[in-house]
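The block underneath contains the structure these notes are about, expressed in structure tokens.
Scope of the values below: all heavy atoms of this structure, side chains included, with no hydrogens, waters or symmetry mates.
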Amino acid sequence: MSDPGGEQRTGWRRWCNTSMLGVALLVAAIAVSLTRVLVIRDKLFATDKVIIRVAHWQLEMGFRDALQAVIDRYNELHAKDNVMVVQMAVTEKVYKQWLNVHLISGTAPDLSEVGMSKYSNDARYVTRYYVPITEFVSSPNPYNKGTPLEDVPWRETFIDGMRGGYRDDLQDYFFTPTIFGSVRIFYNTRMLEEATGTNAPPRTLGGLFNACAALREYGRAKGRELIPIAGSKYSRTFFVDKYRIPFTAWYESVLDADLDGTISTLDTLAGFLRGAVSFNDPPVRAWYECVKAICDEFSKGFMAMERDQAAFLFVQGKAAMIASGSWDAESLFRQASFQVGVMDFPLPGPGERWHNEVKGRVNEATSNTGGGLGLYKYSAHKEWALDFCRFLTSLAHNELFSQTANWLPVIAGAKPTPQLEPFMPNPVGYSTGLEYKDGGRVRTFMEGQLWRYLQDEITYDEFARLVMREIRDARFGAERVWADEYENAVRASRETDRLLAVQSTLALMAPPDPDLPGKYRRLLLQQVGGNNGEGLRYRFEQQEGRPLPTF
Amino acid sequence: MNTGILQAAIAAWMVLATAPCAAARVSNDLAAAVGEMAGFGFGEAHELFDHALRHAAPGTPAWQQAIFGKAVCAHQFSPSSQRLIEEADTLYRQLLAECPDSPYAPRATMHLGRMRELGDYYGDAPDLAGARVLYQQVIDRWPTQDIAGEALLRIAGTFIQTYDATQAVHGVSLLESWLRTHPGEPLAAAMWQYMGGAYLNPLNNHARALDCYLEADRHGLLVLGKEWVVYWRIATIADHFVTNRDVAVAYYSRIITETPNSGKAYESQLALERLGAPVPPITLYTRGARDAARAKETP
């Protein structure tokens with residue numbers, strides 16, 4: 001080794017070269033990684049403490065801080081019991097695989113957010129890996145002592161009666177909900193005021209369009225293109241969904257064949273087949289035209305935009321409004337350098353276009369809580385994990401959590417921050433309208449054509465013609481959906497039989513469980529009442545006058 | 001001492017010495033199998049029941065439990081196969097032949113019926129007549145056990161699920177006559193509710209459907225968290241099909257006050273307004289606080 005002058009390096013100087021720098025960096029990186037692994041291992045797997053691990057994928061701004069605030073209080077309260085709760089935030093990109101592997105290998109966290117991974121969602125795996133909490137939900141939450149909820153059963157303290165934690169197919173409460181959300185329109189108050197002369201949000205759909213026109217004009221006057229609404233692939237469905245029921249609630253009396261108060265996908269497609277509903281009906285046409293008019297206020301090429309890009313346009317002041325959920329509120333509030341207002345999706349006012357085609361607003365009474373935490377069956381500290389769930393969903397700590405995260409509370413009586421109050425769900429309005437969500441290929445096709453229509457690639461009449469052709473298609477249309485639905489019902493009946501067989505065997509072989517007879521009867525009725533799917537076959541044959549085709 | 005006697009004595013001693021261990025092993029296997037089954041581990045439970053079956057003395061309670069458990073696992077394993085179904089059928093029948101009075105015998109007979117009624121693959125034709133025969137055996141052999149009512153409900157189901165009006169009428173008449181003769185039937189609520197659905201469709205008899213749903217409600221509905229669906233049916237049938245204003249008002253009101261998260265509270269308010277009845281407010285998102293207040297008021 002020699003210096004540039006050719007002089008040989010000696011002593012420590014012979015080690016100063018680029019190769020050794022690389023080695024040094026590598027050693028440093030390994031040291032840092034090892035330290036980090038050891039610190040985490042010490043934190044998560046300390047043997048001298050009862051460690052309760054809580055895993056979730058909520059990486060939105062504010063959530064982890066809020067959960068940590070509650071965890072810190074819990075850890076302080078139970079320091080004398082040597083209990084420590086630790087949160088594990090895992091990106092949703094790998095959460096599914098990560099949780100599945102840990103559930104199978106017996107190393108899953110004591111509490112994990114369920115729903116995304118198959119093994120925390122599919123009924124048979126849920127019973128294998130999670131503990132039902134039904135026996136605990138009818139007793140008051142001890143952490144509500146001294147509050148108005150002191151004597152209220154834990155289940156009833158949730159704003160949805162803990163429906164979000166209940167599994168219909170298993171007839172058990174399995175999860176502790178932690179999240180509640182709704183969708184609204186965020187707006188830039190300063191920009192709105194400067195463009196329209198008032199910072200009060202538009203109260204009618206006509207008012208919204210007037211504001212959009214004023215915002216465009218305002219942008220032009222400032223010499224830049226201002227986008228009234230930052231649309232994206234993510235937010236497009238909010239508008240389609242929010243206006244679906246207001247425009248199509250009329251059809252309940254015509255399409256709800258079994259009087260269960262709901263128009264199903266099959267009811268909808270059957271209605272199209274027999275002509276009870278048509279794309280030329282004024283309310284249906286008005287619904288799509290209304291959504292189209294709103295999409296015209298989006299940025300050009302919105303279908304190619306992701307959620308983050310649209311949010312970026314909004315917080316940078318390049319777009320005046322954006323539709324999103326309460327879960328994004330804190331991020332938008334924090335990142336925007338202007339005051340952010342929140343408004344509901346306005347309906348056409350009297351005298352405005354489409355007013356006569358609207359039946360009324362959509363209600364949000366059926367909103368369920370989510371973000372359920374499941375208690376791992378092989379957790380070594382189930383009692384403490386359950387205790388933490390009770391703590392997290394007590395009135396005081398849910399309020400602390402929701403106010404710190406700026407998310408909606410899940411516990412009745414817990415107050416959100418004033419900023420979040422406009423997100424509180426409104427129970428007034430209608431609950432059902434035309435539905436396509438279980439429409440299989442018809443739905444996929446329809447959505448594809450809808451996006452083409454919304455982007456001016458085809459006219460409404462062309463959209464209607466193409467979709468009707470698909471609905472009537474003998475191989476992939478409504479008949480196929482019907483046949484698939486029948487097959488699903490037959491399979492579901494067989495699956496329910498498995499559950500019933502397990503329960504009846506446990507009744508004979510396991511220690512008595514006071515909840516078991518009730519669960520068994522409910523499941524039995526659910527299965528018998530489904531008539532092994534034959535009702536679906538009967539309806540098709542009644543309507544079409546021919547046997548249900550097989551595929 | 002004769003060598004033969006000595007050998008027999010040693011063998012007897014070995015049997016007696018190891019018997020408690022074998023019994024404990026069987027008992028452990030059975031307990032582990034039940035645990036596996038509770039978590040839907042049919043494959044693992046099948047092995048454990050099989051192990052217990054091979055070591056338990058035939059005819060003993062442990063043997064009965066093992067053979068029944070093994071049969072259930074073979075029957076319910078997913079994905080199913082012809083071999084497993086045949087194995088389940090053989091094991092259920094073996095249990096019934098060798099221990100006809102076993103506590104597992106009624107359920108084994110029911111499961112044989114279920115195998116005939118339900119197919120495992122799409123297109124499997126159900127053998128409703130064959131299932132009916134087995135369900136009837138349950139009623140005939142164990143008429144005083146709760147399972148008899150379940151078997152009757154299953155028989156009625158085999159008629160109603162045909163959606164043929166004559167057969168459906170026969171199905172509901174079986175249920176009606178059973179309920180008349182079995183006033184304490186534990187499945188009464190389920191039977192009334194099921195009949196309500198059958199009268200609605202395919203029998204299109206709204207008046208009888210309403211009676212049945214009201215009766216089901218009187219017995220306590222078996223639809224945890226979805227009571228509103230029955231309330232809505234009762235209210236709308238009473239309102240639009242049979243004109244029973246009082247019933248309609250009562251049930252629209254219950255939807256608002258008892259099941260506000262059904263999404264039907266607002267429409268119920270509109271209906272009550274139309275019927276000229278008092279309209280309760282929707283207090284959905286203050287429910288916990290409201291219940292708490294009510295609990296405090298009640299001494």
Side-chain angles (χ1 to χ4, degrees), chain A residues 124 127-129 148-152 156-161 163 166 168 171 257-261 360 363 365-366 377 411-413 424-425 427-432 487 490-491 493-494 497-498 501-502 504-506 508-510 517-518 521-522 524-525 528-529 531-532 534-535 537-538 550, chain B residues 34 37-41 65 69 72 75-76 78 103-104 107 111 114 117-120 122-123 126 150 153-154 157 160-163 186-187 190 193-194 197 200-202 222-225 228-229 232-233 236-237 260-267 282 284-289 291-293 295:
Chain A
R124 274 191 285 165
T127 53
R128 181 174 295 192
Y129 296 123
L149 301 179
E150 180 173 355
D151 300 321
V152 180
E156 293 300 324
T157 64
F158 288 80
I159 52 179
D160 67 341
R163 202 166 52 179
Y166 186 69
D168 254 342
Q171 296 288 317
D258 58 0
L259 302 179
D260 68 350
N363 77 48
T366 53
K377 197 169 236 175
I411 298 299
M424 282 307 282
V428 173
Y430 294 90
S431 63
T432 193
E487 190 183 335
V490 173
R491 200 181 303 131
S493 184
R494 181 67 186 89
D497 219 54
R498 288 196 167 87
V502 167
S504 59
T505 306
L506 293 181
L508 289 166
M509 296 182 184
R521 284 174 204 150
R522 289 194 295 270
L524 179 67
L525 174 63
V528 174
N531 284 320
N532 299 334
E534 291 306 310
R537 179 197 289 278
Y538 170 75
T550 52
Chain B
V34 172
M37 190 187 256
F40 291 79
Q65 185 179 349
V72 172
H75 181 185
Q76 305 300 345
S78 178
Y104 304 102
R107 189 54 68 182
H111 285 334
R114 302 303 297 146
E117 183 177 335
L118 290 176
D120 274 285
Y122 184 64
E150 184 181 335
L153 182 62
R154 292 294 193 192
I160 291 168
Q161 70 182 265
T162 63
Y163 282 83
L187 284 172
Q193 197 173 325
Y194 184 45
L200 208 56
N201 211 352
L222 289 172
V223 277
L224 196 63
W228 69 269
V229 175
W232 182 252
R233 272 191 189 141
T236 49
I237 293 171
N261 57 10
S262 60
K264 289 293 171 193
Y266 173 69
E267 287 169 77
I282 305 171
L284 176 59
Y285 294 111
T286 53
R287 194 173 58 165
D291 288 350

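Only the side chain of A:Asp168 has a heavy atom closer than 4.5 Å to any heavy atom of chain B. In this structure, the portions of A:Pro425 lying under 4.5 Å from any heavy atom of chain B include both its backbone and its side chain. Both the backbone and the side chain of B:Val34 have a heavy atom closer than 4.5 Å to some heavy atom of chain A. Both the backbone and the side chain of B:His75 have a heavy atom closer than 4.5 Å to some heavy atom of chain A. Using a 4.5 Å cut-off between heavy atoms, A:Arg163 contacts chain B through its side chain alone, with no backbone atom that close. Proximity to chain A is absent for every atom of B:Pro126, based on heavy atoms less than 4.5 angstrom apart. Heavy-atom distances place both the backbone and the side chain of A:Asp497 under 4.5 Å from chain B.
Atom-to-atom distance recorded for B:Tyr266:OH and A:Asn363:CG is 10.0 Å, nearest 0.5 angstrom. For the atom pair CE of B:Met37 and CG of A:Leu506, the computed distance is 7.5 Å after rounding to the nearest 0.5 Å.
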Step-by-step side chain to side chain contact (heavy atoms under 4.5 Å, CB included) determination, B:Leu200 to A:Leu259: CA-CA 9 Å; B:Leu200 208 56; A:Leu259 302 179; 4.2 Å; yes
Check against side chain to side chain contact (heavy atoms under 4.5 Å, CB included), A:Thr505 and B:Tyr104: CA-CA 9 Å; A:Thr505 306; B:Tyr104 304 102; over 6 Å; no
B:Asn261 vs A:Thr366, side chain to side chain contact (heavy atoms under 4.5 Å, CB included): CA-CA, chis, key distance, verdict: CA-CA 5 Å; B:Asn261 57 10; A:Thr366 53; over 6 Å; no
Trace of the side chain to side chain contact (heavy atoms under 4.5 Å, CB included) decision for A:Tyr538 with B:Asn201: CA-CA 10 Å; A:Tyr538 170 75; B:Asn201 211 352; 3.3 Å; yes
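For the options A:Gly535, A:Ala257, A:Ser493, A:Gly429, heavy-atom pairs under 4.5 Å to chain B are most numerous at A:Gly429. Chain B forms more heavy-atom pairs under 4.5 Å with one residue of A:Pro517, A:Gly529, A:Ala510, A:Ser504 than with any other, namely A:Ser504. Looking only at heavy-atom pairs under 4.5 Å with chain A, the residue among B:Ala38, B:Ser78, B:Gly119 that has the most is B:Ser78. In terms of non-hydrogen atom pairs under 4.5 Å with chain B, the most contact-rich of A:Gly518, A:Gly360, A:Ser431 is A:Ser431. Most heavy-atom pairs under 4.5 Å with chain B: of the set A:Asp258, A:Ile411, A:Thr432, this distinction falls to A:Asp258.
Using a 4.0 Å cut-off between charged side-chain N and carboxylate O, A:Asp260 and B:Arg233 make no salt bridge.
Contact check for B:Thr162 versus A:Glu534: no side-chain heavy atoms found under the 4.5 Å cut-off.
Every residue meeting the ring-ring contact (aromatic ring centres under 6.0 Å, His included) condition with A:Tyr166, not counting sequence neighbours, appears here in chain and number order: A:Tyr173.
For A:Arg522 (side chain) and B:Leu222 (main-chain N/O), no donor-acceptor pair under 3.5 Å exists by modelled atom type. A:Arg498 places a side-chain N or O within 3.5 Å of a backbone atom of B:Gln76 that can act as its donor or acceptor partner.
Minimum heavy-atom separation, A:Leu508 to B:Pro103: CD2-O, 3.9 Å.
Donor-acceptor pairing under 3.5 Å is lacking for the side chains of A:Arg537 and B:Gln161.
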